[in-house]
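Excluded from the calculations below are hydrogen atoms, water molecules and symmetry mates; all remaining heavy atoms, backbone and side chain alike, are included.
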Amino acid sequence: MSQSIAANPDRLLPADPGTRSIARDLLQRVQDLPIISPHGHVDAAVIEHNTPFPDPAALLVSPDHYVTRLIHASGVTLDKLRAGGATTPESRDIWRTFVEAWPLFEGTASGYWLRNQFDAVFKLGADLGDMSADASYDAIAAKLVEPGFRPRQLFKDFNIEVLATTDDPLDNLASHKAIAEDPTFDGRVLPTFRPDQYLNIAHPTWSANVDRLIDAAGDGASGYTAYITALENRRRYFVEHGAVSADHGVAHPATLKLDRAEAERLFELARAGKATAEDRDTFEAHMMYEMGRMSVEDGLVMTIHPGSFRNHHTPTFEGFGADTGHDIPFAVNYTEGIRALLQDFGTAKDFHLVLFTMDETVFSRELAPLAGFYPSVYLGAPWWFLDAPDAMLRFRSAVTETTGFSRSSGFIDDTRAFCSIPARHDASRRIEASFLARLVAEHRVSEERAHELIVDIVDSSPRRVFKL
């Protein structure tokens, strides 16, 4: 069996020998720095209870829509890859289907991350394609039952310093509190306020969510006043439990300032089930403005993730639910959409607004110019479909000449897959080293300055932007 290419120390570094040598030195400067992960989707309860990981397929295949979507595109139905649908396949059968499809992942970001995990985390010692499906399954399964392979030990082994989760506004954050009070645990696991289903009238459970929100935190008031009060109260609760940011997943990055009477009118229309599609969009844009206002007041960093057509294939959504691989990007308009928010808060003291995109055409046209003027605006790292080596290089090339390096958020892994965190951060560090090495080789940045910049990009930027 041949050694996996994931073991090559020069992976993702420039092909040119001279530039590669510079990149090696830059990478060495940051390779052992702790991981700062200010946005992701790992369940805090897994860390609190030190829950053993499930079998290989349940850990690495079924919940990962990056993986299942590509196999599905080759003609394999999702009921052979995950629970749901007419039947639930056995874990080993799912793994066999995955290994058979492994050649499909050549050149993909998922393939890179998985190779890195198989080599560095699971110690397979060979490429997955050179092993039988049962042999690789058994090797990983044996790892998963080792006492040293529990989440808390891996948290330490991965050198994670900060890990942010994504949480419902009414979560009691008991796991975060327990972790913070545990003297045996050194890392920080921070909650993130994620209110999408309380702001978007089109969400199927919006009205019921609002009822629960008002009952829990409305201070005995009613109507729109109670709604706003409850959101403010829950944000304060999150701050008290260590939160540093509020995250917003929206279709469009639209913001709008309504007067109080109009906002109350739309709220009551929605509560009565009489809001039109235009009303829904208007109210959500207003609530995004309100989230910005609240961030100015309570200090939570505001992050926006727009541009995804959720659940594009209705039969798959009905059979398997959300987050099953058929969310598809579309074009966004940041310049006009975010203007109402920036008019009032773009220069507000200590307001941090991190803008992400899946539409890379806005990198140089809109996002870099916005971040290059407004003190509040920071560039979110390439995210979802763009969190891949070539796309990350395109991002740096598109924005740096306008904004330099100081206006970016640092890397965001945005992952549910705990074991992929070091692989993703390693890939980002290699790409940053590669980009800076090219600037050094072209005599556009001195090598001494490049060594300072890469530390800032990897370590100082996420601490600065997310107020860590």
Side-chain angles (χ1 to χ4, degrees), residues 6-7 9 27-56 58-60 63-64 112-125 139-167 173-192 241-245 410-430 432 454-455 457-463 466-468:
L27 178 62
Q28 187 176 22
R29 184 77 177 81
V30 295
Q31 201 158 26
D32 296 327
L33 289 178
I35 287 175
I36 309 294
S37 177
H39 174 74
H41 300 277
V42 173
D43 183 359
V46 171
I47 308 295
E48 179 198 359
H49 300 298
N50 207 22
T51 309
F53 293 108
D55 61 78
L59 175 64
L60 297 167
D64 192 338
Y112 178 84
W113 298 328
L114 285 165
R115 268 201 175 98
N116 192 294
Q117 290 175 74
F118 294 146
D119 179 75
V121 179
F122 296 105
K123 311 295 184 185
L124 289 189
I140 294 172
K143 273 284 184 186
L144 297 181
V145 299
E146 292 179 5
F149 211 82
R150 295 290 184 89
R152 288 189 171 213
Q153 184 59 47
L154 289 179
F155 196 104
K156 181 179 180 179
D157 292 345
F158 293 165
N159 198 20
I160 299 173
E161 180 180 322
V162 177
L163 179 70
T165 62
T166 300
D167 307 279
L173 306 182
S175 290
H176 298 84
K177 184 174 186 292
I179 294 168
E181 295 175 350
D182 185 347
T184 69
F185 188 77
D186 293 331
R188 298 173 65 189
V189 179
L190 309 179
T192 299
H241 286 75
V244 297
S245 67
F411 183 62
I412 305 292
D413 55 67
D414 188 43
T415 186
R416 292 172 174 82
F418 184 72
C419 291
S420 76
I421 290 174
R424 294 178 190 230
H425 283 263
D426 175 75
S428 172
R429 294 175 188 195
R430 290 171 180 275
E432 302 292 7
I454 197 165
V455 173
I457 291 166
V458 169
D459 191 79
S460 302
S461 283
R463 295 182 193 275
F466 286 90
K467 305 180 182 180
L468 294 170

K.L.:
Give, for atom NZ of K123 and atom CD1 of I140, the distance between the pair rounded to the nearest 0.5 Å.
P.N.:
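Output value for this atom pair is 13.5 Å.
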K.L.:
Taking the inter-plane angle between the rings of H41 and H39 on a 0 to 90° scale, is it parallel (under 30°), tilted (30 to 60°) or perpendicular (over 60°)?
P.N.:
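Perpendicular, since the angle between the ring planes exceeds 60°.
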K.L.:
Identify the heavy atoms of L154 and G148 that sit nearest to each other, and give their distance.
P.N.:
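In terms of heavy atoms, the two residues are closest at CD2-O, 4.4 Å.
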K.L.:
Check whether any side-chain heavy atom of K156 lies under 4.5 Å from a side-chain heavy atom of D186, and answer yes or no.
P.N.:
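The answer is no, as the side chains (C-beta and beyond) never meet within the 4.5 Å cut-off.
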K.L.:
Locate the shortest heavy-atom distance separating P191 from G242; write the atom from each residue and the value.
P.N.:
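What the structure gives for the nearest pair is CD-C, 4.0 Å.
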K.L.:
How far does CG of D119 sit from CG of L114, to the nearest 0.5 angstrom?
P.N.:
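Reported to 0.5 Å precision, the distance equals 12.5 Å.
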K.L.:
State, without any angle test, whether H176 and T165 hold a side-chain donor-acceptor pair at a distance under 3.5 Å.
P.N.:
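The answer is yes; a qualifying pair exists.
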K.L.:
Do you know the tightest heavy-atom contact between G187 and F155?
P.N.:
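Nearest pair, atom of G187 first, then F155: CA-CE2, 3.7 Å.
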K.L.:
Is atom CG of N50 surrounded by more than 12 heavy atoms (other residues, nucleotides or ligands) closer than 6.0 Å?
P.N.:
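Counting neighbours around CG of N50, more than 12 heavy atoms of other residues, nucleotides or ligands fall under 6.0 Å, so yes.
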K.L.:
Could you report the tightest heavy-atom contact between A58 and D55, atom names first, then the distance?
P.N.:
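Shortest heavy-atom contact: N-OD1, 2.9 Å.
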K.L.:
About how many Å separate CZ of F185 and CD1 of I47, when rounded to the nearest 0.5 Å?
P.N.:
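Answer for the CD1-CZ pair, I47 versus F185, is 6.0 Å.
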K.L.:
Show your working on side chain to side chain contact (heavy atoms under 4.5 Å, CB included) between V162 and V244 and close with a plain yes or no.
P.N.:
CA-CA 11 Å; V162 177; V244 297; over 6 Å; no
K.L.:
Are any of the side-chain heavy atoms of L60 and F118 separated by less than 4.5 Å?
P.N.:
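In short, these two side chains touch, coming nearer than 4.5 Å.
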K.L.:
Name all residues meeting the salt bridge (charged side-chain N to carboxylate O under 4.0 Å, His left out) criterion together with R430; count only those two or more places apart in sequence or in a different chain, and write none if there are none.
P.N.:
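Result, salt bridge (charged side-chain N to carboxylate O under 4.0 Å, His left out) vs R430: D426.
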K.L.:
Do I35 and F411 pass the side chain to side chain contact (heavy atoms under 4.5 Å, CB included) test, and can you show the C-alpha distance, the side-chain angles, and the key distance before you say yes or no?
P.N.:
CA-CA 10 Å; I35 287 175; F411 183 62; over 6 Å; no
K.L.:
Quick check for you: to the nearest 0.5 Å, what is the distance between F158 atom CZ and H425 atom NE2?
P.N.:
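Here the interatomic distance stands at 11.0 Å.
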K.L.:
Does any N or O in the side chain of R150 come within less than 3.5 Å of the main-chain N or O of T51, such that one atom is a donor and the other an acceptor?
P.N.:
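Side chain of R150 to backbone of T51: no pair is present.
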K.L.:
Can you tell me how far CG of D459 sits from CD of E161, rounded to the nearest 0.5 angstrom?
P.N.:
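The distance works out to 7.0 Å.
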K.L.:
When you measure from the side chain of R429 to the backbone N and O of L33, does any donor-acceptor pair fall under 3.5 Å?
P.N.:
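Judged by distance alone, yes, a pair lies under 3.5 Å.
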K.L.:
Testing P38, S428, P462, S37 for side chain to side chain contact (heavy atoms under 4.5 Å, CB included) with I412, which one passes?
P.N.:
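Only match with I412 under side chain to side chain contact (heavy atoms under 4.5 Å, CB included): P38.
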K.L.:
Got more than 12 heavy atoms from elsewhere within 6.0 Å of CZ, R463?
P.N.:
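Correct, the count exceeds 12.
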K.L.:
Does atom CD (Q28) have a neighbourhood of more than 12 heavy atoms from anything else shown, all under 6.0 Å?
P.N.:
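Atom CD in Q28 is not crowded, with 12 or fewer foreign heavy atoms closer than 6.0 Å.
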K.L.:
Decide yes or no on salt bridge (charged side-chain N to carboxylate O under 4.0 Å, His left out) for K143 and E146, but give the supporting numbers first.
P.N.:
CA-CA 5 Å; K143 273 284 184 186; E146 292 179 5; 3.8 Å; yes
K.L.:
Which donor-acceptor pairs under 3.5 Å do the side chains of residues 416-424 make with protein atoms, sequence neighbours left out?
P.N.:
unit_1	atom_1	unit_2	atom_2	d
S420	OG	T415	OG1	3.2
S420	OG	A417	O	2.8
S420	OG	R424	NE	2.9
R424	NH1	D413	O	3.3
R424	NH2	T415	OG1	3.4

K.L.:
To check you understand the geometry: which heavy-atom pair defines the closest contact between S175 and A45, and what is its length?
P.N.:
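Minimum heavy-atom contact is OG-CA, 3.5 Å.
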K.L.:
Would a distance-only check, ignoring hydrogens and angles, find a side-chain to backbone donor-acceptor pair under 3.5 Å from T192 to D167?
P.N.:
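Checking the backbone N and O of D167 against the side chain of T192, no donor-acceptor pair under 3.5 Å is found.
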K.L.:
Can you establish whether the number of heavy atoms outside K467 located under 6.0 Å from its atom NZ is more than 12?
P.N.:
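Atom NZ in K467 is packed in, count exceeds 12.
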K.L.:
Atom CZ in R152, atom CD in E48: separation rounded to 0.5 Å?
P.N.:
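Separation between the atoms: 7.5 Å.
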K.L.:
Nearest heavy-atom pair of L173 and H241: which atoms, and what distance?
P.N.:
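Nearest pair, atom of L173 first, then H241: CD1-CB, 3.7 Å.
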